[in-house]
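I have placed the structure first, in the form of structure tokens, so that the comments after it can refer back to it.
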Amino acid sequence: MNKKNNGDILLKIEQLQEDLSLWKKEYKKNQNLILKKIKTSIIKIISLFCIIASASFASFNLIKNYVQSKQKKEICNKYVSIVKESIYNSLNNKGNIYLLEKASALCPENEEVKHLLAYIKIHDAINILIDENILNKEKISIYKELKTELKDLIYTNPSRCELYVLDSLLSISREDWANAKKSLDIALTNSPCDAYATARLAYYYLKKGDIENAKENINKALTLDEKNNKFIYHINGLIKYKLGEIKEAIDSYSKVLSIDPYYTPAIYNLAFIYIYKHRDIQKAKQLIDLHLKLSSDDKHGMMLLGGLFQTLELYDEAIFVYEKVLVKDADFYPAMRAKAIIYRDKFEYEKSLSEFYTLIKADPKNADKYFFDIAEEIFIVKKDYKSANYYINKALKINPSSKRGLKLKQKIINTTH
């Protein structure tokens with residue numbers, strides 16, 4: 001091969017190498033572009049998958065949350081329904097409060113749950129404040145607190161009948177008869193056929209001394225009642241006792257205890273009848289034991305026990321019980337009066353008179369009642385009619401329209417003529 005041919009070959013080789021180099025560059029460039037496109041596509045696919053997966057997960061969560069929310073509402077509504085059914089007949093309202101607190105945890109914004117919780121707590125507090133059996137000393141601070149809470153509740157629920165019923169009970173506790181009647185009128189305007197509101201109207205008339213209207217309204221309430229409301233039967237028992245219909249009162253209190261065996265006001269009233277009216281000591285003792293078992297330190301249960309001892313003429317034991325009550329509550333007037341009566345029964349008239357004067361000093365608001373007691377329980381018993389008339393006149397100066405005063409005067413006239 002000559003030099004020229006060699007030169008051409010070399011030139012071609014160089015040219016070929018240069019072309020090959022350019023092709024490699026182009027190839028790499030194209031490869032990079034392809035890889036870049038592939039990467040981009042993969043990223044897009046992965047992103048799309050993530051979006052779809054995320055959307056699916058979010059949708060699943062939405063569905064799950066919706067199902068859970070629906071289930072919570074259903075459970076919450078069941079709790080509310082149970083409470084509404086048992087609110088007036090529950091053996092223990094703690095159970096109702098427990099259910100409502102569970103409902104509140106499931107549905108914190110549920111207005112009915114909030115309302116029922118507030119209502120039950122206020123209702124229970126009023127029942128503690130207002131004793132339907134015997135007169136308690138007014139607890140002004142508690143009264144004002146409850147009045148404020150109730151006012152706020154009425155403001156947010158102006159059409160709820162039961163709130164005005166509670167307001168009437170609070171007013172009755174302060175003997176604010178005008179406001180008590182006004183609240184009951186609103187309650188019955190909102191719910192004209194409400195059995196409980198009608199029964200509370202009967203209770204209002206009973207406390208006012210209007211027994212005929214009390215009787216008319218409690219009969220109406222019993223006709224309207226479809227839920228065996230224990231409070232209605234309890235009020236009926238109070239009215240029947242006031243009318244002197246003792247058997248009917250026993251039946252009504254027994255009905256209460258068939259609905260709620262642990263309702264202490266009915267236990268108290270039934271035991272009271274068995275001690276002082278029926279003289280059934282065994283039944284009275286069973287009820288007193290139950291009362292004290294439910295609340296060992298309850299002064300009303302202790303008063304029943306003292307009354308039982310007093311009836312059995314176990315006077316020292318009775319005084320011991322009454323003094324124990326007075327250690328717990330120094331101004332508990334029924335215990336003071338019971339001690340005065342015991343000293344009368346023991347023919348210790350000076351001690352009895354001293355106890356009555358201590359009572360008048362402690363509770364001057366009811367001085368007229370205690371002056372009548374002195375006349376009836378001490379001086380008429382002693383046949384000292386001059387002294388009896390003296391105390392009757394003292395009472396009538398305080399309360400000139402008292403029917404008791406006129407009856408006692410007539411009793412003295414009938415005895416001395």
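Residues I341 and Q310 are in side-chain contact: their nearest non-hydrogen atoms beyond the backbone lie under 4.5 Å apart. For the pair E317 and F320, the minimum side-chain heavy-atom distance is 4.5 Å or more. L292 is listed as a side-chain neighbour of I288, based on a closest heavy-atom distance under 4.5 Å. When side chains are defined from C-beta on, I392 counts as touching F372, because their heavy atoms get closer than 4.5 Å. Taking the side chain as every heavy atom from C-beta outward, I250 and K277 never approach each other to under 4.5 Å. Side-chain atoms of N228 and Y233, non-hydrogen and from C-beta on, do get closer than 4.5 Å to each other. Proximity of Y390 to F379: side-chain heavy atoms (C-beta onward) are nowhere separated by under 4.5 Å. With a 4.5 Å cut-off on side-chain heavy atoms, I342 and Y322 count as touching.
The residues D167 and R200 are annotated as not salt-bridged, no charged nitrogen and carboxylate oxygen being separated by less than 4.0 angstrom. At a threshold of 4.0 Å, the pair E111-K114 counts as salt-bridged, since one of the basic side-chain nitrogens sits closer than that to a carboxylate oxygen. Using a 4.0 Å cut-off between a side-chain N of Lys or Arg and a carboxylate O of Asp or Glu, D298 and K328 do not qualify as a salt bridge. Using a cutoff of 4.0 Å between basic side-chain nitrogens and carboxylate oxygens, K181 and D185 are scored as salt-bridged. Note on E112 versus R160: salt bridge recorded, some NZ/NE/NH1/NH2 to OD/OE distance being below 4.0 Å. Using a cut-off of 4.0 Å between Lys/Arg side-chain N and Asp/Glu carboxylate O, K255 and D251 are scored as not salt-bridged.
Counting only distance, with no hydrogens or angles, the side chain of N366 and the backbone of K369 share no donor-acceptor pair below 3.5 Å. Although no hydrogens or angles enter the test, the distance criterion places a donor-acceptor pair under 3.5 Å between the side chain of Y164 and the main chain of P158. Side chain of Y196 to backbone of D225: no donor-acceptor contact under 3.5 angstrom is found. A donor-acceptor distance shorter than 3.5 angstrom exists from the side chain of S168 to the backbone of V165, with no hydrogens or angles considered. Put simply, the side chain of S295 never gets that close to the backbone of H291: no donor and acceptor are under 3.5 Å apart. For S252 (side chain) and A249 (main-chain N/O), no donor-acceptor pair under 3.5 Å exists by modelled atom type. With hydrogens and angles disregarded, no donor-acceptor distance shorter than 3.5 Å links the side chain of S354 to the backbone of E350. Looking only at distances, a side-chain donor or acceptor of N393 sits under 3.5 Å from a matching main-chain atom of N389. With hydrogens and angles disregarded, no donor-acceptor distance shorter than 3.5 Å links the side chain of S104 to the backbone of L100. Put simply, the side chain of T198 gets close to the backbone of D194: a donor and an acceptor are under 3.5 Å apart.
For the residue pair F356 and Y370, the shortest heavy atom distance occurs at CD2-O, 4.3 Å. The minimum heavy-atom distance between I275 and G307, with the atom names listed, is CG2-O, 3.9 Å. In terms of heavy atoms, K409 sits closest to L396 at CE-CD1, 3.8 Å. Closest non-hydrogen pair, A221 versus A199, comes out as CB-N, 3.6 Å.
Between the CG atom of L287 and the CG atom of L270 there is a distance of 5.0 Å, given to the nearest 0.5 Å. If you take CG on N110 and CG on N77, they are separated by 6.5 Å, rounding to the nearest 0.5 Å. With rounding to the nearest 0.5 angstrom, the CG atom of N269 is 15.5 Å from the NZ atom of K240. Here the straight-line distance linking atom CD1 of I232 with atom CG of L224 works out to 8.0 Å at 0.5 Å rounding. Between D368 atom CG and N399 atom CG the span is 5.0 Å, to the nearest 0.5 Å. Residue C107 holds its SG atom at 10.5 Å from CD of E74, rounded to the nearest 0.5 Å.
Using a 3.5 Å distance cut-off with no hydrogens or angles, the side chains of N217 and Y204 do not pair a donor with an acceptor. Counting only N and O atoms by type, the side chains of E216 and Y205 include no donor and acceptor under 3.5 Å apart. Donor-acceptor pairing under 3.5 Å is recorded for the side chains of K147 and S171.
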| request: Apply the test side-chain contact (heavy atoms from CB on, under 4.5 Å) to residues K346 and D316: give CA-CA distance (whole Å), side-chain angles for both, the deciding distance (0.1 Å), then the verdict. | output: CA-CA 10 Å; K346 292 176 73 177; D316 291 341; 3.6 Å; yes
| task | Please report the C-alpha distance between E355 and E348 in whole Å, then the side-chain angles of each, then the deciding distance to 0.1 Å, and finally whether the side-chain contact (heavy atoms from CB on, under 4.5 Å) criterion is met. | result | CA-CA 11 Å; E355 287 292 332; E348 297 178 18; over 6 Å; no
| field | Pair D331-D363, side-chain contact (heavy atoms from CB on, under 4.5 Å): steps then yes or no | value | CA-CA 8 Å; D331 293 326; D363 183 26; over 6 Å; no
| Can F332 and M303 be said to form a side-chain contact (heavy atoms from CB on, under 4.5 Å), step by step? | CA-CA 10 Å; F332 191 63; M303 287 297 297; 3.6 Å; yes
| salt bridge (charged side-chain N to carboxylate O under 4.0 Å, His left out) evaluation trace for K285 with D289 | CA-CA 6 Å; K285 179 72 166 55; D289 287 345; 2.9 Å; yes
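Applying the 6.0 Å contact sphere to NZ of K382 captures more than 12 heavy atoms from other residues, nucleotides or ligands. Around OH of Y357, the count of heavy atoms belonging to other residues, nucleotides or ligands within 6.0 Å exceeds 12. The number of heavy-atom neighbours closer than 6.0 Å to NZ of K283, taken from other residues, nucleotides and ligands shown, is 12 or below.
Side-chain rings of Y263 and F231 approach one another, their centers coming within less than 6.0 Å.
The aromatic rings of Y276 and F272 are tilted relative to each other, their planes meeting at an angle between 30° and 60°. Relative ring orientation between H234 and Y253 is described as tilted, the plane-to-plane angle lying within the 30° to 60° band.
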